[in-house]
Structure formats: C-alpha cells, structure tokens
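Labels below follow one simple rule: chain letters A, B, ... track the order of the sequence lines, proteins then strands, and each chain is numbered from 1.
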There are 2 protein chains.
Amino acid sequence: MAEPRSEQQLDSVFHRPQRGRRSQPALSRERIVAGTIALLDRDGARALTMRKVAAELGVHATSLYWHVERREDLVDLAVDGILAEAAAGLPGPEAPWARAVKETAHRFYAALASHTWAGEFAGSRPLVGPNAVALSRRIVSALGECGGSEESRAVAIRAVSNQILGAATSAAAMSRGVHDEARAAAVSASEVLAVENGYFEQVLDLVLAGVEAREGA
Amino acid sequence: MAEPRSEQQLDSVFHRPQRGRRSQPALSRERIVAGTIALLDRDGARALTMRKVAAELGVHATSLYWHVERREDLVDLAVDGILAEAAAGLPGPEAPWARAVKETAHRFYAALASHTWAGEFAGSRPLVGPNAVALSRRIVSALGECGGSEESRAVAIRAVSNQILGAATSAAAMSRGVHDEARAAAVSASEVLAVENGYFEQVLDLVLAGVEAREGA
DNA sequence: ACCTGAACACCGTTCAAGT
DNA sequence: ACCTGAACACCGTTCAAGT
C-alpha cells in the first residue's frame, strides 16, 4: 500500500538534489532512466521489474533504492523521459493558437504512441513530470488565446487532453490486443501506427472545429 | 510472455460452453466475476491477484484456473462486467443520432469512471467484451446516420471513443494522483467525479459541434 | 556516499493428486 | 467435473553489512 505523496515529495522524484561526489558512482538518475526506457522499448511494460532494470545496468536490484524510492518512480521517470524531445521543441508564443495546439498535441501524442508502454501506464500514473507539465501548459496557454469564457476554455482543454490520452491509451491497448493473423500478416504494427497518426490529426481538427464553432456562437 | 489469442479464443473468455452438472459446483463464472468486482471496488486495481480473488470466494487460488485461463481473463471479465448495466439500457433506433451518441457515450464513460480501476486497465487490455462491443456498436450506428463520407465518419468515431477512453483514463489517473492535502480536505473524491461528469457532457457537446460543423461544410 | 547480500512476504502458474 | 496442495520461478522492499 503506497501512500500518496504531496506535491513537494513528488517533485523530488524528478529533481533530486545533487551531492558533491569524490569517486564516480556506478549508477545515476540519468543512467537509470536510460536503462529503464531501453528495457521497456525492448521488452514491454511487463518487463519493468526492479531486478530487470538492475540487470540492464549490471547492478543489483537493491542498489536502485539508493536512487529512487519505489518502482513507481521508475515509471514516472521513464514516461517523462520519452516526453523530453517533444517538450524541447514547443511552438513559440508567436504561433497562431490553433496551430500551437495542434503541433503541441501531436508531439505529445506521437511521443506516447511511439512507446506503447507509456500508454499502458497512463491510467495508473498521472502525467506530472516536468516535460508533461510543459506540454500541457503550452496547450493551455494556446487555448487561452482563443477567446470565450473561462468555463468554455476549461472544456476545450479537457477535450484536447482527453484526445491525446485517449488516442495514446487506445494505441497501447491495440498493441496488446486481438491479433487477427490475416490482418497481422497484411499490415505491420508500424503501418497501423502511421494510419492512426494520420487519424489523430483529423480528429484533433474535428475537436478544434468544435472549439471554433462554439466561439463563433 | 503471454502469447496473443485469436478472436475466437478471446470470445471464449466471455462465453464459456455450459456443461451438464450433477452436483452444484462451488465456483462459477458469475461468482468469480462478482467477487473480482467486489474486491476491485473495495481494494483497488493492485489488489487483483489470483490469491486474493480466491480468498474473496473462500477457495484456493489454483481453483480459479479451472474457470479461467489466466489472470488477465479476470481483468477482461470484470471490466466487461461493470459495463453490463450501461449496455442494457441503450437508446433505441428511433433516437436522434446526436442524442444517441451522447447518451451511449455518457453511459460508457460513467460506468468506467465510477470504477476507477477499470480506467487503470484500459491501456493494457483492449475493451473487447460483449458489453463494450454493444456500446461501441451503438455509437458507430448513430454516427452512421449523421451523413458525410466514410472517412469522416471514421474520424468522428475515433473522436468520440478517444473522448470516452481519455476521460476515463484521466479519472483513473487522478484518483491515484497527487493528493494536495488542502484540496483533498475541501472536496471529496465523489464531488470531483460529479464535476468531471458535468465536464464530460460539455466536452462531448464540443466534439459533436465539430461533427456538425464538418457536416455543414 | 553508494552498493551488496540475505531475507521476508508476496506473486502467477503448473501439475499431480484427491473426490 | 471440479477443487486441493505442493512446488517453481519469480516479484517489491527492508535492512544490516561492506567499502
């Protein structure tokens, strides 16, 4: 039974105080995150065990506990890790709001969908890492420019973020889903993803059409 | 490493052939599903272990394997179980398409959101049980009446189902999320759910406004 | 400061055995 | 047909011990 942690405690999952070091330690936050992501990409969500992450890094499972408090911290760090690139290239403040929403949402979704294990964790862990927050904030700020009441902006924000989370979750579920052999033979997983990526753009356009229709009313 | 199962195999998870029986068995599909749901409602997703489900039913863990093939079957059965009520009261074919979509989507979402553990499993298990399928089909048929190309209907279907899945996933994640004590003291979990339920309706209206705007264009 | 090793209380699943 | 019991190969996490 893990008890809930306060904002401040959770913040310390992502930003750990640096210590002065004399001899180079074998493990570090960065190495642990990289190893965890490599393991997840290779073997999937179910392979995320303390022992396997440790083995990936040539170390004992118990050693990880010096650097993280619990297994769930590895999940949070890995998920936020794959959002780093997406969060690094956000549209600037000069971008028109609709384009900023579309581009940010697409980067967010594409990062999650290209590592399907991330979608598998989306329901059990809130996305509160710094990169997820940066992406969310950019969407919020863009939708803040489109006019309307505070209430209607709150609705638009939820519509867009549900779209991202729903598409990522469904991509993850599909990747573990019923494999009709004929279909599996015909189209590879990456082709499916390409099609779904195209749908994501259209679906988001549809949502934004709703936002604009509302704004015009 | 569980290997994927074909459509037919998966179907047999939900519809098991009935056998003639002489003496009443202690366990049954129905009792197992009911016990699993009770356990999940009481103790959460992490409590779903074969041993605990068995204890809930006063039986040994290994006995469950006579009735199900693996732990994941319990997940599938429990999730589809909580969708039974929602699938039982679908809007009839005479309902106007937009109302049918809204009502069905709301029933779907509300069922998932009122058992947050279901949202936690949404990313790891595709919703392919008979009740989930019935709900999805009703949404598909309703959106089939709203005109537009096949492509645009496919987009609308994804928009609505992403909305359901995204809202349910985010409700689940929030229920395990950062507990700001002040906020937790001020509003109970059920109050939050009530607010989010209201948002869901508005968000769905927004999406449907997009569908209608597209159709008008 | 950082890692090891033993230990504890769990897991899912298998299979032979009972009735 | 249906359930038990022992067993196997795992889990996360703790803590004393090493360096």
From [atom1] of [X] over to [atom2] of [N], roughly how many Å is that when rounded to an integer?
| X | N | atom1 | atom2 | value |
| --- | --- | --- | --- | --- |
| B:L57 | D:dT4 | CG | C1' | 16 Å |
| A:R31 | C:dC3 | CZ | P | 9 Å |
| A:L64 | C:dC3 | CG | C1' | 11 Å |
| B:R29 | D:dA1 | CZ | P | 16 Å |

With sequence neighbours left out, what residues match [X] under salt bridge (Lys or Arg N to Asp or Glu O under 4.0 Å)?
| X | result |
| --- | --- |
| B:D41 | none |
| A:R158 | B:E196 |
| A:R99 | A:E103 |

Task: N or O in side chain of A:S63 less than 4.0 angstrom from C:dC2 OP1/OP2 - done: no
Task: B:H60 side-chain N/O to D:dC3 phosphate OP1/OP2 under 4.0 Å - done: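 For D:dC3, OP1/OP2 do not have a side-chain N/O of B:H60 under 4.0 Å.
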- [ ] Report, as a single string ordered 5' to 3', how protein heavy atoms within less than 4.0 Å touch nucleotides 12-19 of chain D: B base, S sugar-phosphate only, - not at all.
- [x] BBB-----
Open item on the list: With heavy-atom distances below 4.5 Å as the criterion, would you say the side chains of A:I139 and A:I164 are in contact?
Closed with: yes
Task: Side-chain touch A:V79/A:R125, heavy atoms, less than 4.5 angstrom - done: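 Not in contact.
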Task: Paired and unpaired positions of DNA chain C as dot-bracket, Watson-Crick or G-U wobble under 3.5 Å, | denoting a partner strand - done: ||.|||||...|||||.||
Open item on the list: Pair A:K52, A:D43 - check salt bridge (Lys or Arg N to Asp or Glu O under 4.0 Å), show working.
Closed with: CA-CA 10 Å; A:K52 283 177 182 163; A:D43 297 333; over 6 Å; no
Task: Contacts of type side-chain hydrogen bond (donor to acceptor under 3.5 Å, both in side chains), residue A:H106, not counting sequence neighbours - done: A:E201
- [ ] Check the pair B:E56, B:R31 against salt bridge (Lys or Arg N to Asp or Glu O under 4.0 Å), reporting the backbone distance first and the verdict last.
- [x] CA-CA 10 Å; B:E56 185 84 15; B:R31 290 199 56 218; over 6 Å; no
